[in-house]
Protein chains: 2
Amino acid sequence: MGDTRTRRPRADAQRNRDSILAAADEAFREQGTGASLEGIARRAGVAIGTLYGHFPNRRALSAGLLRERHTALFELGDELPGRNRPLDALAEWMGAVAVHAAAYRGLAALLMESLDDEASELHQACAQMAAVTGALLAAARAAGTVRADVTGADVHALMNAAAWMREQVPAEQAEHLLDMLVDGLRPGRDSGS
Amino acid sequence: MGDTRTRRPRADAQRNRDSILAAADEAFREQGTGASLEGIARRAGVAIGTLYGHFPNRRALSAGLLRERHTALFELGDELPGRNRPLDALAEWMGAVAVHAAAYRGLAALLMESLDDEASELHQACAQMAAVTGALLAAARAAGTVRADVTGADVHALMNAAAWMREQVPAEQAEHLLDMLVDGLRPGRDSGS
DNA sequence: ACCTGAACACCGTTCAAGT
DNA sequence: ACCTGAACACCGTTCAAGT
C-alpha cells in the first residue's frame, strides 16, 4: 500500500503544468498546433526548459491538451449506438469527431498521421477513435445502410477531412458538406458511371 | 512599336528566377509549401535578397511555381464538357484539381483561402478554377444528376479536401474516397434521416 | 525533483551598399 | 536594374547549473 503507482507531483510542478496547458490552449486556438513554444512558455510564466521538462515535444503537449476532451468524446461514442439507427449514429459520431478535430488548426492532420504511427503520443487516442468508428460502421453495414466497400480507415479520413474543411469555411457550410460526405457512404443504385 | 509592354529582363535575372523556381519546386515537394526560403535560396545559389527581389512573399513564389501547371489544368477544363456526360465531366475535373492541389503539402489550404482573398497572388487562378467548376456544376444540375443544394463553393471545398486527404493516405485509397465524395453529390431518394 | 536561462543552430524579412 | 549579405528579431532544442 502507501503510495500509488504514479507518484504525486510536487505542488509547484503541478501548477506549472497547468499554466502551460492553459497557455497552450490559448495559443493553439489562436495560431494552430504550430504555435510558438517559446511564446507558450512566456504566456505561462515559466522558462522554456520547464515546458520541455513536462512535454518533450509538440505532440506530447497536444496529447496533454486533448486528454479530457478525448474522454468526453469516447463517452459519447459509447452512448450513440443505443440511441439511433446505425447510419444516424455513425453520422453523429463523424460530426462530433469533426468538431473535435477542428478545435485547433492542424489538429486534423495530427490525428490523421497518428493513427498509423505507434510512436505518436496521440496514437492511443486515435486507436480508440478507430475502434468506435469501426463498431459504428459495422452496425451500419449490417443494417445495409452503408456501401460494403467503405473501410474504417475511409471513415477516419473523411471525418478528418470534414474537420479540415471546418477550418476553412463557415460552420453552416461545413455542416452541409458533412451531410454530403455521409450521403456518399450510402449504397448507390448503380455503381457504374 | 519597339519594346513590348513587359520589358525583357536582364539575362542573369532570368537565370536567377529560373534557378529559384527549380529549387523551390524541389523544396516544396519535399517539405511542403512551408519549406525554408533561405534553404531555397541556398539551393538556387543566390543570396536571400535575390529571392525576395523576385518573389516578395511565399504566395508569390507559389504562384510563380504553379503558372504553367495552372494553364494545363484550365485547358483540360475547357475540353471536359464536350467529352463526357455532365456528372462525369465534373467528377474528372474534381479529380484533376485534387491531384493538382496535392502537388505540395499545404497547397490545398492555400488554394482554399485564396478563393476569397483578392490580395492573394493565387486569387486569379482560384477565380478561374471556380469559373470552370461553376460551369461544370451548372451542366450537371441542368441534367438533374446533382443535388440542387450543392454550390460551387461546396465543390471547391470538396476538391481541396480530396487533395488534403491525398497528402495523408495512399493514392489508391484517395481515389476511392473521391469516388464517394462525388457520389454524395448525387440527388438522394429521401432527404430525411 | 524540478526549474532556470544561456547557448547553439536555424529562420523570415529588410535594406544599405555594391555592380 | 539587379545582386549581395549583414543586421535584426525571432524560434526549437539541449543542458549545465542551480534550488
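Just so it is clear, the model here is predicted, and its values are computed rather than measured. What you see below is based on every heavy atom in this structure, not just the backbone, and it leaves out hydrogens, waters and symmetry mates. Quick note on labels: first sequence line is chain A, next is B, and so on, each numbered from 1.
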Rounded to whole Å, how long is the line connecting atom [atom1] of [X] with atom [atom2] of [N]?
{"X": "A/Glu38", "N": "C/dA7", "atom1": "CD", "atom2": "P", "answer": "15 Å"}
{"X": "B/Leu61", "N": "C/dC11", "atom1": "CG", "atom2": "P", "answer": "15 Å"}
{"X": "B/Tyr52", "N": "C/dT13", "atom1": "OH", "atom2": "P", "answer": "4 Å"}
{"X": "B/Ile40", "N": "C/dC10", "atom1": "CD1", "atom2": "P", "answer": "17 Å"}
{"X": "B/Leu37", "N": "D/dC10", "atom1": "CG", "atom2": "P", "answer": "18 Å"}
{"X": "A/Asn57", "N": "D/dG12", "atom1": "CG", "atom2": "P", "answer": "13 Å"}

B/Phe28 and B/Tyr104 aromatic ring geometry - parallel, tilted or perpendicular at 30°/60° bounds: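 If you compare the ring of B/Tyr104 with that of B/Phe28, the planes turn out perpendicular.
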
For the residue pair [X] and [Y], confirm or rule out a side-chain donor-acceptor distance under 3.5 Å.
{"X": "B/His123", "Y": "B/Asp117", "answer": "no"}
{"X": "B/Asn57", "Y": "B/Glu121", "answer": "yes"}
{"X": "B/His54", "Y": "B/Asn16", "answer": "no"}

Minimum heavy-atom distance between [X] and [Y], given as atom pair plus value:
{"X": "B/Val97", "Y": "B/Met129", "answer": "CG1-CE, 3.5 Å"}
{"X": "B/Leu177", "Y": "B/Val169", "answer": "CD1-CG2, 4.2 Å"}
{"X": "B/Ile40", "Y": "B/Ala23", "answer": "O-CB, 3.6 Å"}
{"X": "A/Asp25", "Y": "A/Arg69", "answer": "OD1-NH2, 3.5 Å"}
{"X": "A/Leu181", "Y": "A/Met165", "answer": "CD1-CE, 4.1 Å"}

Look at the side-chain N and O atoms of B/Ser36 and state whether any lies under 4.0 Å from the OP1 or OP2 oxygen of C/dC10.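 Answer is no, no contact under 4.0 Å.
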
Any chance you could list the contact pattern along nucleotides 1-6 of chain C? Use B for base contacts, S for sugar-phosphate-only contacts and - for none, protein heavy atoms under 4.0 Å, 5' to 3'. BSSBBB

Which part of the nucleic acid, if any, lies within reach of A/Arg42 when heavy atoms closer than 4.0 Å are counted: base, sugar-phosphate only, or nothing?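 Answer is sugar-phosphate: A/Arg42 comes under 4.0 Å of backbone atoms only.
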
According to the Watson-Crick and G-U wobble definition with distances under 3.5 Å, which dot-bracket string, read 5' to 3', encodes DNA chain D, using [ ] for crossing pairs and | for pairs with another strand? ||.|||||...|||||.||

